[in-house]
Undergrad: 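After the structure tokens below, expect a handful of questions from me.
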Amino acid sequence: MTWLALGLALFLGIHLTRALAPRWREAQMARLGDKGWKGLYTGVSIVGFGLILWGFSQARLQPVVLWPHINGMNHAAAALMLIAMILMAAAYVPRNHFKAKLQHPMTLSVKVWAFAHLIANNTLADVMLFGSFLVWSILVFRAARRRPAPAAAPGTVAGTLATVVAGFALWAFFAFWAHAAWLGIAPLGR
């Protein structure tokens with residue numbers, strides 16, 4: 001659990017600097033220059049992400065179960081994950097109504113992803129991992145909504161439809177193949 005906690009602190013900490021410590025971030029950018037700051041940010045992110053993966057994989061070897069598994073939560077999580085993947089696609093597909101209206105669909109995607117995984121899982125490591133990302137996404141979304149937003153391109157039917165199709169394809173890829181192949185867990189069973 002120590003490695004997981006350290007990884008979360010590094011990864012989410014560096015990703016919270018804009019929201020919680022903007023002056024410190026700006027000072028570091030001025031001191032290190034744009035490339036230096038990006039290098040530090042990337043390095044800390046990679047180390048943190050690696051520690052998250054390592055720590056979570058180690059925690060799964062001896063799970064600390066906090067409550068019994070609740071029937072139906074995997075399917076509820078799968079439905080929420082469809083929403084999360086559509087929001088993820090909305091961050092990249094141009095001129096869609098989701099991005100025009102919500103402004104920060106990627107952060108909302110992480111929020112839904114974390115919540116979905118919290119309701120479907122029941123170990124201390126799951127609560128640490130997904131709970132941390134849920135808190136992070138709430139803080140970042142709140143901070144982003146307080147900053148002046150650049151004018152978003154208005155959404156179109158074609159852009160919105162492309163977003164939904166891309167999100168559904170991404171969801172199907174993870175639900176039916178990648179989650180099991182990469183993480184060893186088939187979210188919808190086999």
Side-chain angles (χ1 to χ4, degrees), residues 1-60 77 80-81 83-94 96 98-121 123-150 152 163 166-167 170-171 173-174 178-179 182-183:
M1 292 289 184
T2 303
W3 296 115
L4 176 59
L6 180 59
L8 288 165
L10 289 172
F11 186 83
L12 297 177
I14 198 74
H15 282 83
L16 276 172
T17 57
R18 184 172 184 189
L20 299 182
R23 289 191 183 115
W24 179 85
R25 178 179 173 265
E26 290 167 11
Q28 299 314 305
M29 290 173 77
R31 184 174 69 84
L32 300 170
D34 189 51
K35 287 183 181 181
W37 169 253
K38 286 180 180 177
L40 175 67
Y41 190 95
T42 301
V44 171
S45 295
I46 290 170
V47 169
F49 189 69
L51 288 172
I52 289 169
L53 294 176
W54 172 255
F56 192 72
S57 71
Q58 294 304 300
R60 286 179 58 195
L80 287 169
M81 283 307 300
I83 295 168
M85 292 302 180
I86 291 169
L87 290 169
M88 178 70 70
Y92 297 102
V93 176
N96 67 78
F98 300 109
K99 188 170 188 174
K101 178 71 174 167
L102 302 171
Q103 298 176 353
H104 305 283
M106 175 78 73
T107 305
L108 289 173
S109 175
V110 172
K111 191 183 294 188
V112 175
W113 167 83
F115 179 73
H117 284 78
L118 273 173
I119 67 170
N121 295 287
T123 71
L124 179 58
D126 294 317
V127 171
M128 283 179 64
L129 177 66
F130 303 117
S132 295
F133 272 92
L134 181 59
V135 170
W136 171 85
S137 63
I138 290 168
L139 293 172
V140 168
F141 186 75
R142 184 176 173 203
R145 296 289 284 193
R146 289 181 174 174
R147 288 191 301 268
T163 299
L170 192 57
W171 174 83
F173 172 72
F174 274 95
H179 207 279
W182 295 347
L183 304 173

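Residue numbers run from 1 in the order of the sequence given. Scope of the values below: all heavy atoms of this structure, side chains included, with no hydrogens, waters or symmetry mates.
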Undergrad: Measure the CG-CG distance between L102 and N96 for me, rounded to the nearest 0.5 Å.
TA: 9.0 Å

Undergrad: In terms of ring plane angle, is the pair F173 and W182 parallel, tilted or perpendicular, where the classes change at 30° and 60°?
TA: perpendicular

Undergrad: Does CH2 in W37 sit with more than 12 non-hydrogen atoms of other residues, nucleotides or ligands closer than 6.0 Å?
TA: yes

Undergrad: Side chain of T17, backbone of I14: donor and acceptor closer than 3.5 Å?
TA: yes

Undergrad: Side-chain contact, heavy-atom cut-off 4.5 Å: F174 with M85?
TA: yes

Undergrad: Taking side chain to side chain contact (heavy atoms under 4.5 Å, CB included) as the criterion, tell me which of L139, L134, V135, V140 meets it with S137.
TA: L134

Undergrad: Should I138 and K111 count as side-chain neighbours, where that means a heavy-atom distance under 4.5 Å?
TA: yes

Undergrad: Does some side-chain heavy atom of W136 sit less than 4.5 Å from a side-chain heavy atom of H15?
TA: yes

Undergrad: Between A120 and A77, what is the shortest heavy-atom contact and its length?
TA: CB-CB, 3.7 Å

Undergrad: Are F130 and W113 an aromatic pair by the rule of ring centers under 6.0 Å?
TA: yes

Undergrad: Distance check, rounded to the nearest 0.5 Å: M1 atom CE versus F56 atom CZ?
TA: 9.0 Å

Undergrad: With side chains defined as the heavy atoms from C-beta onward, is the minimum distance between L129 and N121 less than 4.5 Å?
TA: no

Undergrad: Using distance alone, with no hydrogens and no angle criterion, decide if Q28 and R25 have a side-chain donor and acceptor under 3.5 Å apart.
TA: no

Undergrad: Ignoring hydrogens and angles, tell me if any N or O in the side chain of S45 forms a donor-acceptor pair with the backbone of F11 under 3.5 Å.
TA: no

Undergrad: What's the spacing between L40 CG and R31 CZ if we round to 0.5 Å?
TA: 8.0 Å

Undergrad: Do other residues, nucleotides or ligands put more than 12 heavy atoms under 6.0 Å from the OH atom of Y41?
TA: yes

Undergrad: On a heavy-atom basis, which atom in A89 and which in G167 lie closest, and how many Å separate them?
TA: CB-N, 3.7 Å

Undergrad: Within this structure, what is the CG-CG distance for the pair L20 and L12, rounded to the nearest 0.5 Å?
TA: 11.0 Å

Undergrad: Does any part of the side chain of L8, heavy atoms only, come nearer than 4.5 Å to the side chain of F133, both counted from C-beta?
TA: yes

Undergrad: Grab the two heavy atoms, one from L80 and one from I119, that are nearest each other, plus how far apart they are.
TA: CD1-CD1, 3.8 Å

Undergrad: Below 4.5 Å, heavy atoms only, C-beta onward: do T163 and Y92 meet side chain to side chain?
TA: no

Undergrad: Out of curiosity, R145 CZ to H104 NE2, how far, rounded to the nearest 0.5 Å?
TA: 6.0 Å

Undergrad: From the options L10, L4, I46, select the one residue that forms a side chain to side chain contact (heavy atoms under 4.5 Å, CB included) with L51.
TA: L10

Undergrad: Would the number of heavy atoms belonging to other residues, nucleotides or ligands and lying under 6.0 Å from CZ of R142 be above 12?
TA: no

